[in-house]
Amino acid sequence: MSELRVKISGFGGQGIILSSFIIGKAASIYDQQHSSMTQAYGPEARGGACSSQVVISSDNVEYPLVDTADVLIAMSQEGYDTFLPILKKGGILLYDTDLVEKLQSHKNFIAKGIPATRLAEELGKKIVANIVMLGFATKQAKIVSPEAMQEAIADSVPSKFIDLNMKAFQAGYDYNEEQ
Amino acid sequence: MFKKSRLIGEYFMQGDIACAEGALAAGCRFFGGYPITPASEIAERMAMRLPLLRGVFIQYEDEIASIAGILGASWAGAKSMTATSGPGISLMTENIGLGMMMEAPCVVVNVQRGSPSTGLPTSWGQSDMMQARWGSHGDYGSISLVPNSPQEFFDLTITAFNFSEKYRLPVFIMADALVGHMTEKVVIPPVEELEIIDRKYTNKKPEDYLPYDYGKNLIPDFAKAGDGYRYHTTGLTHDKRGYPNMTFECQNELVPRLVNKIKNHVDDISLTEEYDIEGADVIVISYGITSRTILPAITMAKKKGIKIGYLRLKTVWPFPEEKIRKLSKKVAGFVVPEMNLGQISLEVERCAHNDSIVKLVPHPGGGIHKFEDVLHAIEEVAYGK
Amino acid sequence: MANNTAQLQEKSHPMEDLLRMDRMPHIWCSGCGLGSAVTAFVEGLKKAGVSYDKTAIVSGIGCTGRVAGYLRLDSYHTTHGRAIPFATGLKLANRDLTVVVFSGDGDLFAIGGNHLIHAARRNVDINVICVNNFIYGMTGGQNAPTTPLGAYSSTAPFGNYEMPFNLVGLAAASGASYVARWTTMHARRLTDSIATAANKKGFCFIEIVSPCPTVFARKNKGGTGLDMLKEFQTRAIIDHDADPTTIPLNMDNEIVCGEFVNDDRPTFWENVQAGIKARLEKFANWEEMQSNSRKISHKKDRKYTSSRDSSIMRRNT
Ligand SMILES: Cc1ncc(C[n+]2csc(CCOP(=O)(O)OP(=O)(O)O)c2C)c(N)n1
Ligand code: SF4
Ligand SMILES: [Mg+2]
């Protein structure tokens, strides 16, 4: 059995919850894996900080929470600061380079940055930054197959924005840190 | 248009929404409720779905009205449901008793949160388990089902409707905030593949019909409002005609029947999952979300060579007394992790009597068990400490 | 007039088809206004010409709460204060029914007051008949939210300190479609009101001012049931044009009676239907919005099994 625990953090309005929903759906509906998604509720989910989590497994997900993460996606400085401690040694950190600027030591992790929000703005809509990040995560952390991710995205956004979101996915998927 | 909006297929779906879909699949066409975290999503889903299925959604002014309303709808022949959390259940308890006394089929969902009082609105707990059994005053048999995943929330909602229709009483679904707010794959089969039970309507003529007459199974046949039966029903102690009757004889016929109509059917109602029970030294008994969060402890115990079995209760009430009694004669003891400070463990203790040890692993809610604590308890029982 | 109570007990009574004769004698005291109230109700239903098979009556708890049990209709004796939400569920789940709530002032305005104003606000299509005897009769004469200022009750031994509710004012202000007040002495007019309400859609409220000789009169030197009726007769005036919010009742003022509100406004259910119709276009896309349903073709021969198959412990065994 293989299991992947993903934590996504950012702030309200960035589509953090939707991102984890899409990942979970991609895994369980289109990749025929099992997945379980949970999110933070209450004051902590209002306005400011926001986080959600997905567990992907080849078998039934027994323990649905993410106490230690294999993958951390950080879309805000606060999210990065709060959740870096739960990232496993050897885990993958994906972060928005414009939003997370004060970096700690990454020597225990595989850390990869992407200016997701800027790329989204270049596509014309800042709100697809989360989808850019999903494209990036699909490529860099292989959380789900690219086909499943694309299907899940197409399925979860309003139909008139599918093209835009596909472009956003591609931008993240193709992004190369060295470029 | 109306037919089309019935869902079939695989969905990545939140537990609360799966519950609403389960209710719709079971034929629920009346929902009355009052918003409360973490159960509001059930009401929201019903508000969106019921009108398209020619059903009725009403947001009442409080939970007391909600339960009264679903009882009324039940008497009109509708399969009806309400969903709330601990504070709402506390308000509903009087009318839950009315439902038990009048024998009105309906489903009451409790998405449990940290308690008592307002407690932890967005976090989880399992501390209303005894309330589900004894919440309303007086003696009555009751049924509570406990799901541990969105899929099971869907499945058990259907089962809850089936039991409520079959045994004519309000049935509880005791979910919790974690299951309610968790999103997982949920498979919704076509209606033909589901077992759906409807209440048994009387085939007697109005002049021969007694609303509380019963046969061997102790369950009276139903007649709904508007069908010409013009029967009476009341929360007072009543005879077979449904008329108030303030005598010991009447009380002594009615109340034991309300208890026995459930007790006599424990085998049908009690749903459990068992693993490695045969030859086990220690049996972990758990239910709901706890049954998932403690699994790492069981795996560890097994690695350590402990002969461990596992019993998961999908039906908590009626409690599987006989099963626990028999097991208690064979094992060293039971470990009962639950997200409260000891409720179902008391039942296990009662049934284990002095035959075996019962070790509670309590948790006040708002988090989940540390698997080390559960493992520790398992070891204590296994090594006879 | 006062002896409607005795009337109810007569063996072959013209109201037999609507009364549960096998439950007679009833429990009410002699001289109680409830007998007249029930007679008016039965006459009103007859006059309205509604189908008895399609009429349901719901009561709460109290002396008045026992009314449901004496009527040969689908009849529901519920819990204290909760008759209205129960009736709302009954009505909405079977809209062919005529649903009447018959209960006391304490039941409907103290413990159940919130339900009353909300049902009126929603304009649910039910009729609510409230027997106002100014007191908690059933439990032995405690203070009610209708007990006049200064009146005595068993929990107001120095006289009531609280301002009472004006029931018709409250019902009207909450949005009822029909609001009337009569005393048990106004048998004919009360019957007419009950008939009107039975055929009227929307939330209809009728207050019946009624003598309770046993507890209210005894505590307040009101005399017998007959004495109380005589008193009602001297105090009552009829004024259909009165503003219902301006006619509270106290110990000795005029009892303004009449049909104060008779409006047609959309009922709860009509609004629900209109709302759905207006938004149906948006919902037409609903299935498509349900994401993956369009991607996963449902094959007829496919057997669905739960995604969490039950062997959650599989790898442990
Ligand atoms: C929850 C609850 N609280 C209290 C009671 C006791 N109780 C029964 S009837 C009643 C008052 C009834 O007064 P009213 O509605 O005016 O009816 P009346 O007897 O005057 O017709 C009370 C307090 C009860 N049955 N249930
Ligand atoms: S106590 Fe009053 S209201 Fe009750 S039956 Fe007697 S007279 Fe009527
Ligand atoms: Mg009264």
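The sequence lines fix the lettering, A, B, ..., with proteins before strands; numbering per chain opens at 1.
Between chain B and the options C/T88, C/I61, C/I57, the largest number of non-hydrogen pairs under 4.5 Å is found for C/T88. Chain C forms more heavy-atom pairs under 4.5 Å with one residue of B/T233, B/I308, B/D62 than with any other, namely B/T233. Ranked by heavy-atom pairs shorter than 4.5 Å toward chain B, the options C/V99, C/T79, C/T98, C/L97 are led by C/T79. Contact tally against chain B (heavy-atom pairs below 4.5 Å) for C/H118, C/K54, C/H80, C/H115: the top residue is C/H115. Comparing B/D227, B/I67, B/L236, B/T234 by how many heavy-atom pairs each has under 4.5 Å with chain C, the most go to B/T234. The residue among B/E61, B/R241, B/M102 with the most heavy atom pairs within less than 4.5 Å of chain C is B/E61. Counting heavy-atom pairs under 4.5 Å between each of C/T55, C/D22, C/L71, C/V272 and chain B puts C/D22 at the top. Across C/I84, C/D96, C/V58, C/N114, the residue that shares the most heavy-atom pairs under 4.5 angstrom with chain B is C/N114. Of the listed residues (B/A225, B/G32, B/P244), the greatest number of heavy-atom pairs within a distance under 4.5 Å of chain C belongs to B/A225.
When all heavy atoms of C/K201 and C/R265 are compared, the closest pair comes out as NZ-O, 3.7 Å. Contact record, C/S177 with C/N123: OG-OD1, 2.8 Å, taken as the closest heavy-atom pair.
For B/M101, no part lies under 4.5 angstrom from a heavy atom of chain C. Looking at C/L92, the atoms closer than 4.5 Å to chain B (heavy atoms on both sides) sit in the backbone and in the side chain alike. With a 4.5 Å cut-off on non-hydrogen atoms, B/R29 does not touch chain C at all. Heavy-atom distances place both the backbone and the side chain of C/Y52 under 4.5 Å from chain B. Of the two parts of B/L71, the backbone and the side chain both hold a non-hydrogen atom closer than 4.5 Å to a non-hydrogen atom of chain C. Heavy-atom distances place both the backbone and the side chain of B/Y60 under 4.5 Å from chain C. Proximity to chain B is limited to the side chain of C/R122, based on heavy atoms less than 4.5 angstrom apart. Residue contact with chain C, scored on non-hydrogen atoms closer than 4.5 Å, involves the backbone of B/K224 exclusively. Using a 4.5 Å cut-off between heavy atoms, B/F57 touches chain C through its backbone atoms (N, CA, C, O) alone.
A cation-pi arrangement, defined by a distance under 6.0 Å to the six-membered ring centre and an angle within 45 degrees of its axis, is present between B/R199 and B/F222. Relative to the ring axis of C/W269, C/R95 places its NZ or CZ within 45° and under 6.0 Å from the centre. Judged by the 6.0 Å distance and 45° axis criteria, C/R23 is positioned over the aromatic ring of B/Y243.
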B/N245 and B/H238: side chain to side chain donor-acceptor pair (under 3.5 Å), yes or no, with the steps? CA-CA 5 Å; B/N245 181 329; B/H238 46 265; over 6 Å; no
What verdict does the salt bridge (charged side-chain N to carboxylate O under 4.0 Å, His left out) test give for B/K302 and B/D276, after you've listed the backbone C-alpha separation in whole Å, the side-chain angles of each residue and the deciding distance to 0.1 Å? CA-CA 11 Å; B/K302 197 172 280 180; B/D276 303 340; 3.0 Å; yes
With salt bridge (charged side-chain N to carboxylate O under 4.0 Å, His left out) as the test, would you mind laying out the steps for B/E273 and B/R292 before giving the verdict? CA-CA 13 Å; B/E273 269 180 8; B/R292 287 171 65 171; over 6 Å; no
Q: May I have the step-by-step check of side chain to side chain donor-acceptor pair (under 3.5 Å) for B/H232 and C/S75, ending in yes or no?
A: CA-CA 5 Å; B/H232 184 57; C/S75 54; 2.7 Å; yes
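Within the 6.0 Å centre-distance limit, the rings of C/F109 and C/F205 are counted as a close aromatic pair.
In this structure, a donor-acceptor pair under 3.5 Å is present between the side chains of B/N148 and B/S291.
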